[in-house]
Amino acid sequence: MEKFNLSTSRLNALIKHLMTRGIVYAPHKNGEVSFSFDEVRDPGKVILNYNRTLQSIKKYFLPPREQLLSFSLKSGSLSKVEPENPLRIFLGVHSYDMQAVLRLDYNFSQGNPELNYLKRRQNSLFIGVSFEPDTYHFSRSVGIMVEEFDGFDLFLDKHSSGYTLYVVTQAGEELLSGFDHLEEAPDRPATHREFRNKIKYNFNRLSEVFDHAWDSSVWEEIAQRCVGCGTCNLVCPTCYCFDVEDDVNLSLADGSRYRSWDGCMLNSFAKVAGGENFRADLSDRQRHRVYRKFKYITDVTGEPWCVGCGRCTAYCTAGISIVETVNRLCEEYEQTVLRKPLAKQDWVL
Amino acid sequence: MSNHIRTGIEEPDRKMLELYYPEIAEITRTKQITELEKWFEIALPGNRDLNHQPGQFVQVSLFGFGEAPISVTSSPTKRGVFELCVRKVGTLTTAMHKLKPGDRIGIRGPFGHGFDLQKMEGKDILIIGGGIGIVPLRSLINTVIDRRSDFGRFIILYGAKTPGELLFKDELKSWREDPTIEYHVTVDQGTPDWDGNVGVITTLIPRLDLNLGNTIAAVVGPPIMYKFVLMALKSKRLPDENIYLSLERRMKCGVGKCGHCQINHSYVCQDGPVYHYPVIKQLPEAIQ
Ligand SMILES: Cc1cc2nc3c(=O)[nH]c(=O)nc-3n(C[C@H](O)[C@H](O)[C@H](O)COP(=O)(O)OP(=O)(O)OC[C@H]3O[C@@H](n4cnc5c(N)ncnc54)[C@H](O)[C@@H]3O)c2cc1C
Ligand code: SF4
Ligand code: SF4
Ligand code: FES
C-alpha cells in the first residue's frame, strides 16, 4: 500500500484540495465539549483530533427526516422523490463509524434493497483518521482496530510528528491527483493504542453468551434505571429503524410522506391500534436493543452490530453502560453455564 | 470528474424507487358490514390481479393520513379486483370508513408470507378464527371452497364477542348450509335471539373429532387467543408442525426495513404474518 508523509501544516492544503473535488464533510467543534460532522467551509475549523461526534455520519445517508414522496390531494397525483448524489468526501472518520456505514450498507442492500439509502451512499468517499481511545471507546472488543482500513479510500494515521497518509483504494489515489509534493513515508512501528474499556470475552464468544441471556435478571436491573428516552437509539451509528408519517401543507392542497428516525427504546415503538404494546416493559426493550446489537444480525453475518463507539453509554441519561451490561451477561454465563471462568486464552484482546 | 471515481456502491436499480411508492387503486364497491367494520372492493389499474396468497397483506395509503397494513380478505381465485375489510380503530381507519366507490387509495404489496397452500393440499383443513381474525382467514376459506376437491375435510371454527360482531353474515349462512363444510360458531355473550353456542372459541375444540396426522390448522385471532387455542390443540395432540398462525405487529414499511414489526430476529412483514408454529416456538417474543 502506498503511503506518504503529511505534516500537520499541510493538512489545510489537503482539505482545500479535496474541496475542489467534491463536498467535504469533517468534524468541527460543536460547543465546548462536543463535536459534529459538518460541511467544511473553512479548512482551519476542521478538527481531526476528537474523541467522538454526537452523531455519526449516518445522518448523511439516512437523514433524521426524509421525504419519501409528495402528493397532491386535489388532483390525487403522486410524485417520487429521488435523493441527489453529488460526490461527497467524508474526512476524519473513525474506523468504528466507517464500520457502522458498512453495516448499514448491508441492512439497506439485503432483502429489499432501498434506493434512498443506496443512492445517497453511492458517490461517497471516506478518509479515515486514527484516534486515541477514551474511556468509552471499546471498538477493539468488537473486532475493530483503530487502524482498520476497510471501507476507507484514504487513511490518516497520526503519529508524534504528523500523519502517515495511506492510499487504500484506487478512488483514494484519484482523489489525491493534483495534490503534489507528497513524499513516500517510511515504515513505522504501529502506534500502541490501549483500550481501557473492554468487553470481557472475545466477540466471537458473545453469540453463545446471548444464547443464555434471555432470562437474565440484568434486563430488569438496567430497566430500573432506564427512563426510556431513546437517546441510545438516536446516537447509535447502526440504529436505522424509522417511522413514516404524512404531512399536509397549510393550504390542505398537497403534502408529503416523510420517514424519520425512530427508536426501539421508546414506549410506542411496538404499540398497535387498540392499545396492545408488544414491548411495554423497559426490560423487554433493553433486551431487544442489545440483542439487535449482539445477536440477531450477528448470527446471520458473523459480525457484531455494535461497533464499540461508546456513544450510547457516553450520552445515556441514566448512566447505563452497554459494556457493563454485556460483561454482566458474560459473568452470568461463566457462573451458570460454564460453571468456571473462561480459560485465559479466550482473552484475545 | 465525480463520475469517474468508482466507489463501492453500484448504481442502484431504478426499480428500487418503487419500494415506498404506492400504486393508485380505485374503490369499486363498499359495504358497511357492522358498526365498526367496512368492506371494500378495490381495483388496481387495468383490473390487474393483485396476485396474493391467502394470509398476505397490503399497505393501504390514504394520503394525508399515512399507511396501514390490511389483510387481503378476498381469495386469489377472485380475479380482477380484491377485497379488504377494515375495522375503525384510529385515525387512518376512521378516514377510510368515509370512502365511497370511485374514491382512490394507494396500495403497496402484497407483502409477507401467507398460508402454505401446497402443504394444505389433500389435507383436512381446520380454520380457527377469533374476532377480526376471520378477515384474513376468509381469503383461505374461499380458496378452499373454490378448489374444494383439492382438500379433505373442511372445518371452520369462528368466535366473536357478540352475535352483532359476526362478520360476513351471508357467507356464514352459506358455510352453514354447505354439506362439505363443518361450520361451528360461538359468541362470548349471547343475545335473546341467539340460539347458537355461547363461550370462548376454545370451547369448540375439545369436541372435534380430528384425523390428527392429516389435519392442518390455520389460526388467526387477537393475541390473547393464541395461548388458549394452542393449549386446546395440544391437548387434542395435534402435532405442532400441523399448525399455522398469523401474528399482528406494528408495521411502518412492509419491506423489512423500519424495524417495527420485529419479533426476535424475525420480521413479521417478511417472514409472517403467517408463521409455521414450530418457527414461532423459536421466537420467545411471539406469544406472551
Ligand atoms: C399484517 C396485518 C394485517 C392487518 N389486517 C387488518 C385488516 O384486515 N383489517 C383491519 O381492520 N385491520 C388490520 N390490521 C390492523 C391495522 O393495521 C390497524 O388497525 C391500523 O394500522 C390502525 O391504524 P389507525 O391509524 O386507524 O389507528 P391509530 O391508532 O390512529 O394508529 C396510530 C399509529 O399506529 C400505527 N398502528 C397501529 N396499529 C397498528 C398495527 N396493528 N399495525 C401497524 N401499525 C399500526 C399506525 O400506523 C399509526 O401510525 C392489520 C395489521 C397487520 C399488522
Ligand atoms: S439512553 Fe439510557 S435512559 Fe435513555 S433509553 Fe437508552 S438506556 Fe434508557
Ligand atoms: S450500541 Fe452503543 S456503543 Fe454500540 S454502536 Fe451503538 S451507540 Fe455505539
Ligand atoms: S413493517 Fe417495517 S420492517 Fe416490517
Side-chain angles (χ1 to χ4, degrees), chain A residues 21-22 68-69 71 73 76-78 80 82 86-87 105 107-109 111-116 118-119 121-125 151 153 169-171 174-175 214 240-248 255 257 259 262 264 269-274 276 278-279 284 288 291-292 295-297 299-300, chain B residues 1-24 61-68 87 89-93 103-104 106 222-224 247-267 270 284-286 288:
Chain A
R21 316 309 295 272
L68 293 179
L69 47 99
F71 47 82
L73 292 175
S77 63
L78 275 185
K80 306 180 194 196
E82 193 174 341
L87 184 81
D105 289 353
N107 294 127
F108 283 97
S109 55
N112 295 300
E114 195 207 274
L115 181 127
N116 297 58
L118 293 174
K119 190 95 192 170
R121 175 66 179 78
Q122 197 188 14
N123 284 329
S124 309
L125 296 168
D153 297 290
T169 64
Q170 174 85 33
E174 288 170 33
L175 205 49
W214 189 259
Y240 62 94
C241 290
F242 57 84
D243 194 12
V244 182
E245 84 219 317
D246 285 6
D247 256 8
V248 177
R257 180 160 294 168
R259 73 137 154 232
D262 206 343
C264 61
F269 189 79
K271 207 171 184 171
V272 297
E276 182 92 30
F278 292 99
R279 267 183 231 102
D284 295 342
H288 181 69
Y291 267 71
R292 266 189 74 101
K295 182 76 180 154
Y296 297 148
I297 315 179
D299 277 354
V300 180
Chain B
M1 99 134 249
S2 69
N3 295 330
H4 299 293
I5 292 191
R6 236 185 71 86
T7 56
I9 302 272
E10 302 287 321
E11 174 67 26
D13 187 340
R14 309 290 313 161
K15 269 217 200 99
M16 292 180 204
L17 201 49
E18 317 292 332
L19 201 57
Y20 301 121
Y21 190 78
E23 191 165 20
I24 303 292
S61 275
L62 255 72
F63 300 103
F65 295 94
E67 272 189 316
R87 176 177 283 185
V89 291
T91 321
L92 185 142
T93 48
D103 286 339
R104 302 186 328 153
I224 177 131
L247 298 180
E248 183 186 356
R249 284 298 184 273
R250 189 184 181 98
M251 290 184 182
K252 281 296 178 179
C253 72
V255 291
K257 294 284 178 256
C258 76
H260 280 277
C261 68
Q262 206 175 352
I263 298 179
N264 299 104
H265 62 259
S266 180
Y267 286 86
Q270 304 294 290
E285 285 188 322
Q288 276 135 351

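In what follows, every chain begins at residue 1, and chains take the letters A, B, ... in the order their sequences are listed.
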Legend entry - H260(B)/D262(A) under side chain to side chain donor-acceptor pair (under 3.5 Å): CA gap, chis, key distance, verdict: CA-CA 9 Å; H260(B) 280 277; D262(A) 206 343; 3.0 Å; yes
Inset, instruction - Indicate the atoms forming the closest heavy-atom contact of N264(B) with H288(A), along with that distance. - result: O-CE1, 4.3 Å
Inset, instruction - For residues F63(B) and L78(A), determine if any side-chain heavy atom of one lies less than 4.5 Å from a side-chain heavy atom of the other. - result: yes
Legend entry - Interchain contact, V248(A) with chain B, by part (heavy-atom threshold 4.5 Å): side chain
Inset, instruction - Mind listing the closest non-hydrogen atom pair of G66(B) and R257(A) along with its distance? - result: O-NH2, 3.4 Å
Legend entry - Residue part contacting chain B, namely of D299(A), when any heavy atom lies under 4.5 Å: neither
Legend entry - Best-contacting candidate, A270(A), S109(A), P113(A), against chain B by heavy atom pairs under 4.5 angstrom: P113(A)
Legend entry - Minimum heavy-atom distance F269(A)-C258(B), with the two atoms named: CZ-O, 4.1 Å
Inset, instruction - State whether the side chain of K257(B) and the backbone N or O of G111(A) hold a donor-acceptor pair below 3.5 Å, judged by distance alone. - result: no
Inset, instruction - Check whether any side-chain heavy atom of Q270(B) lies under 4.5 Å from a side-chain heavy atom of N112(A), and answer yes or no. - result: yes
Legend entry - Top of M251(B), R104(B), R249(B) for chain A proximity - count of heavy-atom pairs under 4.5 angstrom: R249(B)
Legend entry - Max heavy-atom pair count under 4.5 Å with chain B, selected residue of R259(A), K271(A), E245(A): K271(A)
Inset, instruction - Kindly compute the distance separating CD (E276(A)) from CZ (R250(B)), expressed to the nearest 0.5 Å. - result: 13.0 Å
Inset, instruction - Identify the heavy atoms of G259(B) and C241(A) that sit nearest to each other, and give their distance. - result: CA-SG, 3.6 Å
Legend entry - Non-hydrogen atoms of P22(B) and L69(A) that approach each other most closely: CD-CD2, 3.6 Å
Legend entry - Spatial distance of atom NE2 (H265(B)) from atom NZ (K295(A)) [nearest 0.5 Å]: 10.0 Å
Legend entry - Proximity breakdown for C253(B) and chain A, heavy-atom pairs closer than 4.5 Å: side chain
Legend entry - Residue part contacting chain B, namely of Q170(A), when any heavy atom lies under 4.5 Å: neither
Legend entry - Among the listed options Y291(A), W214(A), F108(A), Y240(A), the residue most often paired with chain B at heavy-atom distances under 4.5 Å: W214(A)
Legend entry - Spacing of SG belonging to C264(A) relative to CD belonging to Q262(B), to within rounding of 0.5 Å: 8.5 Å
Legend entry - Contacting moiety of S266(B), where chain A heavy atoms sit under 4.5 Å: neither
Inset, instruction - With a 4.5 angstrom heavy-atom cut-off, could you sort out which part of D243(A) is near chain B: side chain, backbone, both or neither? - result: both
Inset, instruction - Side chain from CB out, backbone as N, CA, C, O: work out which of these in F278(A) comes under 4.5 Å of a heavy atom of chain B, or both, or neither. - result: both
Inset, instruction - Answer with side chain, backbone, both or neither: which region of I224(B) has an atom nearer than 4.5 Å to a non-hydrogen atom of chain A? - result: neither
Inset, instruction - Would you mind checking which part of V89(B) comes under 4.5 Å of any heavy atom in chain A, side chain (CB onward), backbone (N, CA, C, O), both or neither? - result: side chain
Inset, instruction - Would you please name every residue forming a ring-ring contact (aromatic ring centres under 6.0 Å, His included) with Y20(B), sequence neighbours left out? - result: none
Inset, instruction - Look up atom CD in E285(B) and atom CZ in R279(A), then write down how far apart they are to the nearest 0.5 Å. - result: 4.0 Å
